[in-house]
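Worksheet: the structure to be examined is printed underneath.
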Amino acid sequence: MPENILITGGAGFIGSHLADRLLEKYHHVKIIDNFSPYYSPQLKHQNINHNKGNPSFEIIEGDIKDKDAIKTALKDTEIIYHLASQPGIKTSVDNPQKTNDINVNGTLNILNQMRNTGIKKIIFQSSSSVYGKVKSLPFSENEQKKPVSPYGVSKLACEHYVRVFSELYGFKMTIIRPFTVYGPRMRPDLAIAIFTKNALKNEPITIFGDGNQTRDFTHVNNVVDANIRAMTKGDAETFDIGTGRAYSVNDLIEKIIKITGSASKIIHTDKRQGDTQNTLADTSKAKKILGWEPKISLDEGLKDYTEWFKSDPNNNI
Ligand SMILES: NC(=O)c1ccc[n+]([C@@H]2O[C@H](COP(=O)([O-])OP(=O)(O)OC[C@H]3O[C@@H](n4cnc5c(N)ncnc54)[C@H](O)[C@@H]3O)[C@@H](O)[C@H]2O)c1
């Protein structure tokens, strides 16, 4: 069992849950994160505060684009989970250069530095956004990719770089493509976070478009499970990680309103540029090769998230 694990973006939403799970399994976990101001750095510190002081947990405050910071982070690392990125479809439409600099150049910096180390494997967090326009649902891993946002393009470019470097330099790799992730600590810019916050305050909930767009909403624990399995399985493979069930945004809001007992009104505005119409994962490959399956349904997951959100006023900043 590998001991020394590096998580880039380890103070973020998914990365901090992954760190918790790896620490439970007695690994030594190092994270590198620049606590980017894309959303409140205070939330990111809250995500990892409980692990500070744990001798098996190490924090490097640094940027994945910085050669020296990555060199330090990679020292003694056996497995790297690469999650640091500039997320957000809208950000990528507004500022594609920034998304490319962090996602593509940052990833390339990591891969370049990995060449002279003893790292055994990289597990790269891609995204369902690589698919974009598809002919039919569900998406499946070998489908032709036609991203509809610069963010999707950046993730697809990273996937290719990870594969090519793995082939050139002999380290193993697995690519995880999570579908619309939600749950405790989720990014405040994501739809479920915004809808829940407004619902609890009985404030209007705004939907971009008619609300008939569908998503495969995936609880963060399901995504962490897949990442843990990818440590020892699924070499040279790519996996869709969703639930295999899609809900429309209208259905999602109905569920949130019911769970929160909200009196919020629904407002519709224009559809946003860069958003995909529908997403749905075909999870059969992950089931077969990783032995993984999603365990948390949308109803259970939304209750879990709402309880977490209400449990501490600091979760709402
Ligand atoms: N949340 C989702 O729905 C979702 C879906 C698909 C894929 N993903 C991918 O999963 C990964 C984690 O996403 P998340 O939702 O946890 O996002 P997040 O923003 O909460 O986490 C990313 C972390 O990376 C850090 N970071 C950003 N730029 C950095 C840089 N230059 N150097 C070092 N650290 C940097 C941020 O401070 C943050 O803590 C990302 O790669 C994202 O693209 C997320």
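All ligand and atom numbering here is 1-based and tracks the order in the structure.
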P87 neighbourhood, listing ligand 1 atoms whose heavy-atom distance to it stays under 4.0 Å: 19 (O)

From CD1 (I257) to CG (N202), nearest 0.5 Å: 9.0 Å

Spatial distance of atom CG (N95) from atom CD (Q86) [nearest 0.5 Å]: 8.0 Å

Residue and atom name of the nearest protein heavy atom (relative to atom 40 (C) of ligand 1), distance in Å to one decimal: L83 O, 3.1 Å

Separation of I48 CD1 from R185 CZ (nearest 0.5 Å): 10.0 Å

Mode of R177 contact toward ligand 1 - side chain, backbone, both, neither (heavy atoms, under 4.0 Å): neither

N or O contact, K44 vs ligand 1, cut-off under 3.5 Å: yes

Atom pair OH (Y182) and CG (L190), whose distance is rounded to the nearest 0.5 Å: 12.5 Å

Ligand 1 contacted by Y39 (non-hydrogen, < 4.0 Å): yes

Rounded distance (nearest 0.5 Å) linking atom CG of N250 with atom CD1 of I207: 4.5 Å

Nearest-0.5 Å distance, OG1 of residue T214 to CG of residue N278: 3.5 Å

Atoms in ligand 1 with a heavy atom of F35 nearer than 4.0 Å: 37 (O)

Residue K155 vicinity, atoms of ligand 1 by number, heavy atom under 4.0 Å: 40 (C), 41 (O), 42 (C), 43 (O)

Sub-4.0 Å atoms of ligand 1 with respect to non-hydrogen atoms of T180: 3 (O)

K255 bridged to D299 by N-O distance under 4.0 Å: yes

Salt bridge flag under 4.0 Å for residues E159 and R163: no

Shortest protein contact, atom 16 (O) of ligand 1 (heavy atom only): I14 N, 2.8 Å

Mutual orientation of the aromatic rings belonging to H17 and F13 [parallel < 30°, tilted 30-60°, perpendicular > 60°]: perpendicular

Polar proximity ligand 1 side, D33 side, N/O cut 3.5 Å exclusive: yes

Neighbour count above 12 (heavy atom, 6.0 Å) for N314 CG: yes

K44 NZ/CZ over Y39 ring centroid, <6.0 Å and within 45° of normal: yes

Protein residue, atom and distance nearest to atom 32 (N) of ligand 1, heavy-atom basis: I64 N, 2.9 Å

Geometric N/O contact I102 with ligand 1, under 3.5 angstrom: no

N34 N/O under 3.5 Å from ligand 1 N/O: yes

Candidates D216, T218, T283 - the one meeting side-chain hydrogen bond (donor to acceptor under 3.5 Å, both in side chains) with T243: D216

Minimum non-hydrogen distance to atom 21 (O) of ligand 1, winning option of S36, S126, G12: G12

Test of proximity, Y151 against ligand 1: N or O pairs below 3.5 Å: yes

Nearest non-hydrogen protein atom, atom 5 (C) of ligand 1: V181 CG2, 3.7 Å

Heavy-atom gap Q125 to ligand 1 smaller than 4.0 Å: yes

Heavy atoms from other residues, nucleotides or ligands near OH of Y161 exceed 12 (cutoff 6.0 Å): no

D235 bridged to K121 by N-O distance under 4.0 Å: yes

Options M186, R215, R187, ranked by nearest heavy atom to atom 15 (O) of ligand 1, top entry: R187

Heavy-atom nearest neighbour of atom 33 (C) of ligand 1 within options S127, G9, A191, G62: G62

Options A84, A73, S85, ranked by nearest heavy atom to atom 27 (C) of ligand 1, top entry: S85

Region of T8 that comes within reach of ligand 1 [heavy atoms, distance under 4.0 Å]: neither

Atom indices of ligand 1 within 4.0 angstrom of A11 heavy atoms, with elements: 39 (O)

Contact check, G106 vs ligand 1, heavy-atom distance below 4.0 Å: no

